[in-house]
Amino acid sequence: MPIIVNLDVMLAKRKMQSKELAEKIGITTVNLSILKTGKAKGVRFETLEAICEALDCQPGDILEYTRKLG
């Protein structure tokens with residue numbers, strides 16, 4: 001998938017656990033895990049906004065586009 005989710009990186013930078021972020025933004029840890037692993041088919045802007053607010057970051061800090069090779 002050409003979209004890479006760098007949520008683990010931002011959590012580490014902010015010294016925050018997934019469980020704490022899930023509680024702050026009001027989603028389950030299972031849904032957060034699906035997002036972190038890149039298995040989510042999409043993300044609501046509302047959720048992205050809550051993540052950015054909780055981690056004090058920009059959407060581009062979390063989502064990265066890479067070209068497919070080949």
Side-chain angles (χ1 to χ4, degrees):
M1 177 187 236
I3 301 293
I4 298 170
V5 180
N6 293 316
L7 196 47
D8 278 338
V9 174
M10 287 308 299
L11 282 167
K13 284 183 179 180
R14 300 299 188 251
K15 297 184 172 131
M16 187 182 295
Q17 303 243 339
S18 295
K19 183 179 176 184
E20 182 183 350
L21 177 62
E23 289 172 359
K24 280 187 174 193
I25 65 175
I27 66 172
T28 66
T29 53
V30 172
N31 283 339
L32 185 61
S33 178
I34 290 168
L35 181 59
K36 280 179 21 180
T37 59
K39 293 180 181 174
K41 295 197 183 258
V43 60
R44 291 175 178 243
F45 283 149
E46 180 180 316
T47 303
L48 186 57
E49 178 184 355
I51 290 170
C52 289
E53 186 173 325
L55 295 177
D56 189 28
C57 66
Q58 294 293 313
D61 296 327
I62 299 168
L63 302 174
E64 179 183 345
Y65 171 76
T66 59
R67 283 205 165 102
K68 285 186 178 182
L69 299 176

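Any value given below was found using the heavy atoms of this structure, including those in side chains, with hydrogens, waters and symmetry copies removed. Position 1 is the first residue of the sequence; numbering continues from there.
With a 6.0 Å radius and a threshold of 12 heavy atoms from other residues, nucleotides or ligands, F45 has its CZ atom at or below the threshold. Counting non-hydrogen atoms of neighbouring residues, nucleotides and ligands closer than 6.0 angstrom, the CD atom of Q17 reaches no more than 12 such neighbours.
Atom-to-atom distance recorded for I27:CD1 and E46:CD is 11.0 Å, nearest 0.5 angstrom. Separation of atoms CG (L55) and CD1 (I62) is listed at 6.0 Å; rounding is to 0.5 Å. Expressed to the nearest 0.5 Å, how far NZ of K15 lies from CD of E20 amounts to 13.0 Å. Rounding to the nearest 0.5 Å gives a distance of 9.0 Å between CD of E23 and OG1 of T29. Atom CG of L7 sits about 11.0 Å away from atom CG of D61, to the nearest 0.5 Å. For the atom pair CZ (R44) and CD (E49), the distance works out to 13.0 Å, reported to the nearest 0.5 Å.
One hydrophobic cluster, built from ILVMFWY side chains closer than 4.5 Å, holds both L35 and I3. Taken together through direct or relayed side-chain contacts under 4.5 Å among Ile, Leu, Val, Met, Phe, Trp and Tyr, I34 and L63 form parts of separate hydrophobic clusters. I51 and Y65 fall within a single hydrophobic cluster, where Ile, Leu, Val, Met, Phe, Trp and Tyr side chains are chained together by heavy-atom contacts under 4.5 Å.
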**Item:** Worked check of side chain to side chain contact (heavy atoms under 4.5 Å, CB included) between K24 and E53
**Value:** CA-CA 10 Å; K24 280 187 174 193; E53 186 173 325; over 6 Å; no
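Of all non-hydrogen atoms in L11 and S18, the two that sit nearest each other are CD1-OG, 3.6 Å. Minimum heavy-atom separation, V5 to G38: CG2-CA, 4.2 Å. Smallest separation of non-hydrogen atoms from R14 and D56: NH2-O, 2.8 Å. Residues C52 and P59 approach most closely at SG-N, 3.5 Å, considering heavy atoms.
A donor-acceptor pair under 3.5 Å is formed between the side chain of T37 and the backbone N or O of S33.
The shortest distance between side-chain heavy atoms of I25 and L21 falls below 4.5 Å. Looking at M10 and N6, their side chains never come closer than 4.5 Å, going by heavy atoms from C-beta outward.
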